[in-house]
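The structure under discussion appears below in the form of structure tokens.
Predicted model, so just to flag it, every value in this text is computed and none were measured. Only this structure's heavy atoms are used, side chains among them; waters, hydrogens and symmetry mates stay out.
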Amino acid sequence: RSGATPHQAILMTPHYLLSVQRCKQRIIEGSARQLNVPQAGSWQASVEALRTLLQQNATHPLRLPLEISISGRWSQLAMAPWSEQLLRPATAQAFLQLQLMALYGEAVQHWQISSDDAPYGQPRLVCGTERALLQALRDVVSQTGHRCHRIEPVLGNLLRTLSPALAPVR
């Protein structure tokens, strides 16, 4: 969807935001901007920096849809082993939550958990991100009049971008 459609790609880290405009997976020349995060470290400070960045873009006649990649500091990844519990949505979420809790502890209870759709019998890549962070991002995007196509961990962005190159040759 976003490959051929121009969009604004934003990398959100604890210390800075990096924004570029892309079309057909290529960066549009001269579109790169970096904004340092005051009181760096917390996701709340980075969300406020995102608000500033998007408000600065408010006068731009074309509000490009956003794709936000968030730092690995705020999105935890793991490989979950295959289980029959993954076959039913009601048990899959609980199983994935337990897998993340074994690694990251009780904080997982406040995370939104998602996973890839690996083939039957294969392990799944699981991602947990604090619900409050995701809601804050959605709120800022909405309040500044933008649309967001994707919020994902930076590693997810990398894997998605490289996936054609990593696909097995048939």
Side-chain angles (χ1 to χ4, degrees), residues 1-3 7-22 25-28 31-57 64-81 86 92-118 122-144 146-166:
R1 165 171 76 179
S2 63
H7 64 277
Q8 184 173 358
I10 299 171
L11 170 62
M12 199 171 124
T13 77
H15 301 284
Y16 64 89
L17 301 182
L18 178 61
S19 172
V20 297
Q21 294 176 6
R22 299 183 75 143
Q25 297 302 324
R26 294 210 159 111
I27 295 174
I28 297 172
S31 69
R33 292 190 53 212
Q34 182 172 327
L35 179 65
N36 291 327
V37 176
Q39 291 94 35
S42 73
W43 64 255
Q44 292 88 344
S46 292
V47 168
E48 285 310 308
L50 176 64
R51 180 186 308 280
T52 299
L53 177 75
L54 296 179
Q55 287 172 339
Q56 289 172 356
N57 291 350
L64 297 174
L66 306 176
E67 292 191 0
I68 302 172
S69 297
I70 57 177
S71 167
R73 183 172 182 178
W74 302 316
S75 56
Q76 306 305 321
L77 298 170
M79 289 301 289
L86 294 170
Q93 193 67 17
F95 175 77
L96 296 173
Q97 183 176 19
L98 283 173
Q99 296 300 307
L100 289 177
M101 284 182 76
L103 295 170
Y104 301 108
E106 296 297 316
V108 172
Q109 295 177 4
H110 304 285
W111 295 357
Q112 180 173 316
I113 298 170
S114 57
S115 71
D116 66 356
D117 191 23
Q122 299 297 311
R124 290 203 179 169
L125 181 63
V126 184
C127 178
T129 306
E130 193 173 335
R131 284 186 201 101
L133 165 58
L134 295 172
Q135 188 58 53
L137 289 171
R138 290 182 195 109
D139 291 347
V140 165
V141 167
S142 174
Q143 292 163 3
T144 57
H146 286 81
R147 291 175 294 127
C148 188
H149 285 177
R150 176 179 288 125
I151 299 172
E152 65 185 346
V154 70
L155 184 59
N157 180 312
L158 177 65
L159 291 172
R160 185 175 43 77
T161 303
L162 293 177
S163 64
L166 298 176

Closest non-hydrogen atom pair between Ser69 and Val154, with its separation = CB-CA, 4.0 Å
Would a 4.5 Å heavy-atom cut-off, applied to side chains only, mark Val141 and Ile151 as touching?
-> no
Could you go step by step and tell me if Gln44 and Gln39 meet the side chain to side chain contact (heavy atoms under 4.5 Å, CB included) rule?
-> CA-CA 10 Å; Gln44 292 88 344; Gln39 291 94 35; over 6 Å; no
Tyr104, OH atom: more than 12 neighbouring heavy atoms under 6.0 Å | yes
Any side-chain heavy atom of Cys148 sitting closer than 4.5 Å to one from Leu137?
-> no
Got a donor-acceptor contact below 3.5 angstrom from the Ser142 side chain to the Arg138 backbone?
-> no
Asn36 and Pro38 have their tightest heavy-atom pair at O-CD, 3.4 Å
Answer whether the closest heavy-atom distance between the side chains of Gln21 and Leu64 falls below 4.5 Å.
-> yes
Separation between CG (Asp117) and CG (Leu125), nearest 0.5 Å, reads 12.0 Å
Do Thr52 and Glu48 have side chains that get closer than 4.5 Å, going by heavy atoms?
-> no
Which pair of heavy atoms, one from Ala80 and one from Phe95, lies closest together, and at what distance?
-> CB-CE2, 4.4 Å
Worked verdict on Met12 versus Leu53 for side chain to side chain contact (heavy atoms under 4.5 Å, CB included) = CA-CA 11 Å; Met12 199 171 124; Leu53 177 75; over 6 Å; no
Are Leu86 and Leu96 close enough that some pair of their side-chain heavy atoms sits under 4.5 Å apart?
-> yes
Nearest heavy-atom approach of Ser46 to Trp74 is OG-CH2, 3.2 Å
Can you tell if the side chain of Val108 reaches within under 4.5 Å of the side chain of Ile113, non-hydrogen atoms only?
-> yes
Identify the residue among Gln8, His7, His149 that makes a side-chain contact (heavy atoms from CB on, under 4.5 Å) with Leu66.
-> Gln8
Please determine, by modelled atom types, if His15 and Thr13 share a side-chain donor-acceptor pair under 3.5 angstrom.
-> no
Would you mind reporting whether Glu67 and Ile10 have side-chain heavy atoms less than 4.5 Å apart?
-> no
Considering all heavy atoms of both residues, which atom of Ser75 and which atom of Cys127 are nearest to each other, and what is their separation?
-> CB-SG, 4.0 Å
Side-chain heavy-atom pair Gln97, Gln109 within 4.5 angstrom cut-off = yes
Chi angles and distances behind the side chain to side chain contact (heavy atoms under 4.5 Å, CB included) call for Val20, Leu11 = CA-CA 9 Å; Val20 297; Leu11 170 62; over 6 Å; no
Where do Arg124 and Asp116 land on the side chain to side chain contact (heavy atoms under 4.5 Å, CB included) test, with the steps shown first?
-> CA-CA 6 Å; Arg124 290 203 179 169; Asp116 66 356; 3.4 Å; yes
Rounded to the nearest 0.5 Å, the CG atom of Asp139 sits from the OG1 atom of Thr144 at a distance of 10.5 Å
Donor-acceptor contact below 3.5 Å, side chain Arg131 vs main chain Trp111 = yes
Any chance you could measure Leu98, atom CG, to Leu103, atom CG, to the nearest 0.5 Å?
-> 11.5 Å
